[in-house]
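Everything below concerns the one structure shown next.
Only this structure's heavy atoms are used, side chains among them; waters, hydrogens and symmetry mates stay out. Per chain, numbering begins at 1; letters A, B, ... match sequence-line order.
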Amino acid sequence: MNPGPLSCLILLPLLGAVAQFLPLRRGASRGIAILVSLLCLGLASWCLFIGMDPAVGGMQFVERTPWLPEFGIAWLLGADGLSLILLLLSSLIFFLAYLASWKEKRTPRAYFGLLLLVQVGVHGVFLSGDLFLFFVFWELVLLPMFFLIGGWGGEGRRSAAWKFLLFTLSGSVLFLIALVILGAKAGTFDIAALRELVPGWGGDPGWLGISLPSWIFGLLFLSFAVKLPVFPIHTWLPAAHVEAPTPVSVVLAGVLLKLGAYGMLRVAFPLSPGAFQAAAGCLAALGAFNVIYGAWAAFAQKDFKRMVAYSSIGHMGFFLIGFSALSFSGMAGAGLQLFVHGLSAGMLFLVVGAIQARAGHRHLDRLGGLGAAMPRLHALGLVAIFTSLGLPALAGFPAEALVLFGSWDAFPVAVALSLLGILLTGWFLVGAHRKAFTGPLPRGIGKVVDLGARETLVLAIPAGLCILLGLWPALLLDRMAATLELLRGGFPPLVP
Amino acid sequence: MSALDSLLWLMPEAILALGACVVLAWDLVFKKARPWESGAVGLTCLAGASFFLFQRLGWGEADVLGMVRVDFHGTLFQLAVALSAAAALILEMADRHPPGREGRTETVFLLMAGVLGAFFLLGTWNLMMLYLGFEGLGLAVYALVAVRKWEKDSAEAGVKALVYGALSSGLMLYGISLLYGLGGSLDLREIGLETARVLASGHVVEVAVPFLLLLAGFGFKLAFLPFHFWAPDVYQGSSTPVLSFLAVASKVAGAAAFLRVLAGWLAAGLDGGLGEVLAPTIWILAAIAAATMLLGSLAALKQKNLHRLLGWSSVAQGGFFLIGVALLGRYGFEAASAYLLVYGLTMIGIVAAAFFLSRKSGGLQLRTLRGLGRTHPWVGVSLVILLASLVGLPPTAGFFAKWLLLVRAWEGGLGWLVMVAGLSTILTLVYALRLARPLFLESETDRPSGSNLWPVQALVVGAAAGVVALFHFTPVLDLARKSVESLRFF
Amino acid sequence: MMESLPMAAWVLAIPALPAAAWLLLVLGGRRAAPAAPWLATSAAALSALAAWVVFLERPWEGIPGGIWEGPWSWGFFLSSGGDGIAGLRATLSLDAISGALLPMVGTVAFLVHLFSVRYMRTDPRPGPYFAGLALFTASMAGMLLVENLLFFFVFWELMGFCSWLLIGHDSLNPSSPRPEAARAARKAFLTTRVGDLALLLGMVVLWKGFGTLSFTELAAAGGSAGSPPWLLAGGGLLLLGAMGKSAQFPLHVWLPDAMEGPTPVSAMIHAATMVAAGVILLVRSAAFLPDEILLAASVVGALTAFFAGTVALVSADLKKVLAWSTISQLGFMTAAVGVGGPGAALFHLHTHGFFKAGLFLAAGSVILACHHRQDLGGLGGLRRRMPMTWVATLVCAAALSGLPWLSGFHSKEAILSLALDGAALGGLPALTACLLFVAAALTPVYMFRMVFLTFHGEARSTEAREASEDSWLVRLPLAVLTVLAVVSARFWLFPVEEAPASEHWAGVLGTTLALGGVILAGLLFLLPVLSPAAFARFFGPLTGLARERWKFDALYAATFPPLFRLGGRAVDGIDSRLVDGLAHGIGRMAEAGGSAFRKLHRGRIQTYALLTLAGLLLLSVTLLLQGEAG
Amino acid sequence: MSLVAYLVVAALLMVAGLAMVASRRSLIHVLIGLELVLNASALNFVAFDRYSGGGQEGQLAALFVIVVAAAEAALGLAIVLHAYSSKGSIRPDDFRSLGDS
């Protein structure tokens with residue numbers, strides 16, 4: 001087999017992870033991780049901006065090696081606009097996470113090895129053209145993440161790790177059941193082939209009175225909804241995000257949530273568009289509910305990190321609204337939202353991490369005055385906060401605007417309600433800014449040092465991207481457009 | 001077939017029988033024999049037997065001396081039993097005995113006798129032969145459990161294994177006698193034909209009662225509900241090497257034999273279009289499978305003793321195997337066989353890792369394992385991989401095996417069983433991680449430094465590498481397919 | 001296209017230079033701080049220069065449609081193709097409205113920059129301050145230079161961000177941070193954001209209805225649309241957006257609090273940028289807004305003009321008086337659009353920009369001189385010590401009051417005459433006119449009250465006694481703005497609507513009211529003829545109501561934050577108790593099941609045997625029953 | 001006598017054996033119960049061989065059963081002896097240190 005760029009994107013972090021078994025000197029672990037992620041970042045950028053043909057919607061750079069032909073399982077990799085954009089995001093986020101873990105002292109080999117394994121899984125999910133392979137990579141994320149949260153987390157890491165594991169695994173089991181059904185019925189796992197095949201099973205009596213495509217959609221959707229996450233199966237998120245160490249929170253929010261969204265876009269919807277359309281109204285309502293619920297829950301938080309964690313739930317609600325409208329604009333907005341939320345949530349976690357590292361805690365009522373003491377953190381934090389609350393000229397706005405415009409036809413009420421969520425998001429984020437950055441420094445906090453060069457770099461890269469994308473969202477949307485059109489597959493936008 | 005030919009066909013059995021005698025005699029002959037010597041003899045015999053078994057895999061099929069059947073299925077699982085017994089033997093040799101009791105002769109002999117029993121259990125269509133093999137294996141196991149007189153729980157474990165085992169084998173024997181009455185022969189194939197006739201005439205009870213009695217026997221070996229009661233207690237009370245033999249060799253032998261019996265007995269009926277009549281059988285097996293998976297995993301959740309946890313886990317895994325059995329068809333058996341092979345490999349590794357860890361920590365409580373994964377990363381990481389395989393997480397062979405079973409179950413219309421299996425997978429991961437988590441996420445400083453135990457480490461790492469390598473599932477699937485095909489009745 | 005390139009460069013320079021200054025300051029960080037004042041100021045100066053060049057060239061004239069478009073067009077969401085909202089393209093475009101307003105914006109912004117150089121000399125964070133000002137300037141210019149509602153909204157929001165940043169500037173002062181500034185900034189941001197989100201939704205509705213967001217196309221399509229419900233909804237939302245930005249009742253609460261920002265920032269917000277955006281939006285959409293919405297605008301505007309005037313009458317703070325006067329004047333503009341005079345509204349915006357900037361900078365000068373003393377009770381007698389400031393305040397206040405020959409007279413007269421014209425219809429338009437005239441009468445009273453209390457009489461504090469004029473950086477902007485307050489009506493080029501019926505009446509009536517107001521203020525506060533206290537008693541509880549801003553702030557403070565906090569606590573409680581509890585409950589159920597099952601395994605071998613036999617019996621019964629059933 | 005009679009006797013033997021296993025308070029009695037179970041099967045074999053079988057398979061089987069029963073009894077007694085020496089009791093209920101609490 002001649003590994004193409006996509007295989008390299010998976011093998012590189014895998015090699016990095018295996019290399020952690022070597023007797024390394026202190027510091028070599030992070031060196032390997034950073035090197036690997038830089039290579040991945042370069043490769044992903046090359047694929048996205050130079051290698052791929054943006055006019056083609058389908059899979060490119062395809063690699064196919066048979067694996068278990070009897071069940072139609074193959075090592076099938078491919079990438080299109082959507083997956084490459086998410087790949088760019090994830091390789092960037094991992095790079096930032098490794099940089100942010102520069103000072104990790106507790107068994108760095110294990111730490112970086114596990115993170116690299118997570119990266120393998122994430123890249124694999126984004127690049128799999130075979131559903132079986134998709135699941136394999138999907139599951140690969142589970143255990144390393146459990147150990148990362150449980151091993152390097154904060155006070156409540158134990159229960160947070162369990163919660164993460166149980167929720168995610170329950171989702172995986174549903175996915176597994178869908179795979180079982182497909183294995184029994186389809187004879188192939190090529191997602192493109194399944195897309196032709198599965199909708200044709202509508203006539204099948206199915207099981208318990210529900211048709212097979214609906215079963216598959218329901219199982220897959222639920223399994224992805226856990227990761228997204230969607231109310232009421234979101235409670236793992238605040239726990240995990242809060243307890244995880246900062247770089248891991250960044251990865252969780254920046255990349256892992258995107259796996260669920262990507263699964264919905266790439267698998268759940270194409271395999272059973274009929275069931276999706278039937279459920280679209282509920283999904284949009286769920287999305288709007290998530291937006292408000294997440295924002296409102298965040299509103300009540302005193303712990304800065306917890307607040308950021310809940311805000312993720314709200315942001316992912318926008319994805320759901322835009323996606324279920326099935327209009328080009330809505331889906332483009334949903335896709336962009338994924339990228340943007342990766343940046344903004346990642347940045348917010350980094351900001352909270354920087355605050356915690358200096359103040360020793362992150363309780364908003366006991367913070368203050370950091371803006372004057374740390375102008376760099378303040379400036380970069382502003383970008384994060386205002387991207388997150390959807391200020392135009394930053395990347396959050398084009399995404400949310402596309403969602404709102406694209407979904408109005410189908411779900412006017414959901415769109416109108418979600419505005420309340422935007423208002424609340426603005427409220428609590430500006431309020432958090434006020435509490436943390438303005439006013440006098442509380443007495444408990446001694447001398448604070450502004451961000452060093454490395455920390456600045458970690459925040460400045462996503463901040464720059466937020467501004468760039470806010471002014472020029474076409475940079476990514478151009479790459480995604482053909483893929484989204486193909487995904488929609490000629491489905492007319494939903495109109496009630 | 002001449003006697004010489006027969007001997008050639010039965011070379012592995014012969015080697016084992018002879019080897020067992022040699023082991024018994026060794027200490028008598030060589031007065032100053034070292035403790036490890038008998039083990040070495042045993043290992044050599046097992047290696048020789050395995051070699052011939054491996055050869056025999058390619059030899060095709062034969063009925064030897066009218067009683068012994070050589071075919072791919074039997075040979076394959078005999079090989080599996082031999083190898084897993086070898087693993088148990090390695091653990092036994094690595095184990096530390098109290099002064100004055102260094103000799104391993106009894107254990108080695110009993111292991112070999114058990115393997116010999118398993119060979120006959122696996123290689124016959126004759127019910128009496130089957131029963132003899134069953135009892136041979138069983139008696140060896142009872143003795144093995146009780147043989148460490150210096151360990152305080154050995155007597156209780158022995159009593160429980162004996163009473164419970166003898167009870168269920170007695171029930172099975174009663175079932176065999178009824179089958180003899182039904183078919184007028186002890187040859188399963190003939191009984192099968194007669195059974196098909198009986199079933200076709202609508203008499204269900206004549207088949208149902210012996211079926212249930214046979215179920216009791218195999219239920220004991222496989223420890224599925226409601227015949228599982230002995231397993232946690234006996235696992236808890238036995239030494240880790242014996243646990244390895246119980247959980248792998250004995251269990252794999254029983255399971256494979258169960259497949260053979262069901263295939264031989266019921267296939268004729270199934271081929272004759274009696275699926276309708278057998279539907280309740282399928283239903284009952286599926287119900288047992290579901291209950292076993294679910295309750296076994298539930299009971300494993302809060303265990304604190306490593307052996308007992310493994311016992312319950314082994315119970316639950318038996319339930320998964322039963323999914324394939326319950327389908328009563330070629331594809332189901334195929335999946336069950338594949339699962340069995342993967343389970344065997346996984347469990348060898350897990351028990352070896354447990355042995356290693358308990359030796360290092362000097363205890364069998366989960367909490368004594370704290371931090372061992374950090375000091376022994378190879379074993380720790382391997383154990384996590386093996387546990388992932390046990391749970392059925394990719395990228396391990398366990399995932400494929402489980403997935404295949406569930407696919408077959410869905411095809412067989414047992415959708416609800418798929419759901420139950422999914423649920424119990426979640427529980428499985430929970431108890432698996434309760435085992436793995438303290439290895440890495442907690443730390444303990446004071447520990448006696450033990451010997452390096454490298455063969456055990458190699459066993460663990462090798463098994464882990466195996467389950468990862470077999471994620472390329474084709475070889476396992478091929479073996480399983482060939483073995484089920486060799487049962488001829490589908 | 002080629003020959004318009006130099007013009008395009010001039011046009012582009014207006015927003016691009018301040019934007020570039022912002023970028024340099026942001027990237028430069030602390031190293032750029034010493035250069036920040038002059039960098040931003042020179043960028044603002046060049047931007048203003050470009051604005052004047054463009055103003056004099058008038059490139060939009062002679063082009064069909066009256067819109068000059070830059071040679072670049074820029075696909076925002078998709079660089080090419082795309083249908084629906086994703087296909088939107090941005091262009092640099094200039095029409096009479098933007099052309100008319102740009103010089104005012106540029107000039108005022110430049111003067112504010114200049115003033116800030118002195119005003120913020122001791123501020124420890126000049127970098128962020130001037131970066132904010134530059135971005136503010138750039139956003140305002142950018143907002144005027146796009147003709148698509150969506151991009152308009154982008155700059156609109158950026159201004160909201162800048163005002164938040166600058167109002168809260170003092171809260172980040174490392175040595176003496178003022179938490180009130182942060183609170184005021186948050187209040188400003190959130191209150192305007194309510195309007196902004198309404199505008200966003202309105203945009204979505206209009207997009208659905210018209211299929212376009214270009215102002216020109218909207219105007220063209222709007223004429224024949226009538227007033228279907230969606231247009232009413234969209235228009236109403238749009239009006240709400242404008243009300244938030246332009247601080248119209250009931251979304252006005254943020255503007256007085258915004259006085260927490262440094263005084264030049266107030267000048268910026270009140271004169272040239274932020275609050276102007278709402279009026280500009282209304283003017284630009286007047287062509288397609290249905291009559292009902294316009295009527296609503298006129299009523300809201302008139303009500304605001306009156307109500308803010310009453311509050312200004314009793315404000316005890318120099319800057320607060322100015323803030324309330326701004327709200328009142330913005331009410332005039334909003335009402336002007338409502339009564340069919342978008343041109344008049346713009347005209348007033350234009351003149352108001354100059355004299356309100358002058359007033360604020362003069363107030364800044366006073367505050368600077370009096371070491372941040374700004375309560376009217378502590379000032380007084382500054383006329384002699386600060387003659388320059390006094391003249392500027394006097395002229396600008398006169399202009400604001402609408403005294404003849406000054407710029408404010410012309411623009412206010414245009415609005416009043418239009419209102420009077422409409423009043424003939426009776427009903428709400430008549431009410432509008434009444435309120436506007438009352439508000440016009442209140443204007444001179446509160447303005448000259450402020451002038452007299454600040455500059456005349458005795459100095460009432462040490463700071464006031466020791467005050468003196470500051471450097472040229474303060475005096476130059478004041479001088480320029482004073483001149484402009486007089487003459488700015490002369491260089492207004494956008495057509496102002498004629499109200500033939502009542503043109504003269506309105507002028508006469510307005511002048512009379514203004515003069516009367518000045519005299520009343522003089523009698524009350526300059527000459528001890530009438531007692532202000534007696535006056536206050538005469539109006540009884542109304543005075544108290546006005547002092548408490550008609551209780552709206554209290555009402556909002558008592559409703560929205562507690563309501564939202566309650567909601568937050570409720571959701572949080574549901575999340576941690578119910579939703580999470582459900583998950584935990586499932587876990588506990590599993591554990592309970594496990595332990596119940598484990599209870600069967602207590603170690604008695606004979607119990608095991610019995611249980612096994614019972615199980616076997618159960619199995620046989622089931623199997624036989626199943627068999628029978630089958 | 002008919003086959004049924006033998007079968008009934010065997011079944012009774014079987015039930016008696018099971019009852020002993022489940023209820024007797026001594027491990028020796030439990031072992032005897034186990035022997036009864038085996039003997040029930042042996043009786044079945046012989047009876048079936050006599051009434052319906054052709055060759056001597058059933059009788060051979062019965063012989064094998066006797067052998068197995070002997071082996072089982074021997075091993076059983078050995079284990080019981082070991083149990084007695086370690087616990088000092090052969091009451092089945094005294095063996096419950098292994099088990100879930």
Heavy-atom pairs under 4.5 Å with chain B, option from [options] with the top count:
{"options": "D/V65, D/V30, D/L7, D/N44", "value": "D/N44"}
{"options": "D/G58, D/A10, D/A47", "value": "D/G58"}
{"options": "D/L60, D/I90, D/V68, D/L43", "value": "D/V68"}

Could you tell me if the side chain of [Y] sits less than 4.5 Å from the side chain of [X], heavy atoms only?
{"X": "D/F45", "Y": "B/I176", "result": "yes"}
{"X": "B/L121", "Y": "B/L130", "result": "yes"}
{"X": "B/Y431", "Y": "B/W312", "result": "no"}

Residue [X] versus chain B: region with a heavy atom under 4.5 Å:
{"X": "D/L31", "value": "side chain"}
{"X": "D/D100", "value": "both"}
{"X": "D/A11", "value": "both"}
{"X": "D/V67", "value": "neither"}

Closest non-hydrogen atom pair between [X] and [Y], with its separation:
{"X": "D/V37", "Y": "B/L171", "answer": "CG1-N, 4.2 Å"}
{"X": "B/A253", "Y": "B/A118", "answer": "CB-CB, 3.8 Å"}
{"X": "B/G133", "Y": "B/F120", "answer": "CA-CB, 4.2 Å"}
{"X": "D/G99", "Y": "B/D233", "answer": "CA-OD1, 3.5 Å"}
{"X": "B/G170", "Y": "D/L38", "answer": "CA-CD2, 4.1 Å"}
{"X": "B/L188", "Y": "B/W265", "answer": "CD2-CB, 3.7 Å"}

Answer with side chain, backbone, both or neither: which region of [X] has an atom nearer than 4.5 Å to a non-hydrogen atom of chain D?
{"X": "B/S185", "value": "both"}
{"X": "B/L127", "value": "neither"}
{"X": "B/L139", "value": "both"}
{"X": "B/N126", "value": "side chain"}

(message) So if I take each residue of residues 18-28 of chain D and look for any heavy atom under 4.5 Å from a heavy atom in chain B, which residues do I end up with?
(response) D/L18, D/V21, D/L27
(request) Considering only heavy atoms, give the residues of residues 76-89 of chain D separated from chain B by less than 4.5 Å, sorted numerically, with 'none' for an empty result. (result) D/G76, D/I79, D/H82, D/A83, D/S86, D/K87
(request) Among residues two or more places apart or on two chains, list those pairs meeting ring-ring contact (aromatic ring centres under 6.0 Å, His included) that have a residue in residues 126-146 of chain B. (result) B/F134-B/F218
(request) Could you please state which residues from residues 150-160 of chain B sit under 4.5 angstrom from chain D, measuring non-hydrogen atom to non-hydrogen atom, sorted by number, or 'none'? (result) B/D153, B/S154, B/A155, B/E156, B/A157, B/G158, B/V159, B/K160
(message) Treating B/W125 as the side-chain partner and B/R69 as the backbone partner, does any N or O pair qualify as donor plus acceptor under 3.5 Å?
(response) no
(request) Decide if atom CD of B/E106 counts as having more than 12 heavy atoms of other residues, nucleotides or ligands within a radius under 6.0 Å. (result) no
(request) May I ask you to name which of B/L178, B/L173, B/V234 has the most heavy-atom pairs under 4.5 Å with chain D? (result) B/L173
How many angstroms lie between atom [atom1] of [X] and atom [atom2] of [Y], to the nearest 0.5 angstrom?
{"X": "B/R189", "Y": "B/T195", "atom1": "CZ", "atom2": "OG1", "value": "14.0 Å"}
{"X": "B/R104", "Y": "B/L111", "atom1": "CZ", "atom2": "CG", "value": "12.0 Å"}
{"X": "B/H97", "Y": "B/R148", "atom1": "NE2", "atom2": "CZ", "value": "4.0 Å"}
{"X": "B/S239", "Y": "B/L246", "atom1": "OG", "atom2": "CG", "value": "9.0 Å"}
{"X": "B/L243", "Y": "B/Y235", "atom1": "CG", "atom2": "OH", "value": "6.0 Å"}
{"X": "B/Y164", "Y": "B/H228", "atom1": "OH", "atom2": "NE2", "value": "7.0 Å"}

(request) Give me the one residue out of B/R308, B/H307, B/Q303 that meets side-chain hydrogen bond (donor to acceptor under 3.5 Å, both in side chains) with B/Q236. (result) B/R308
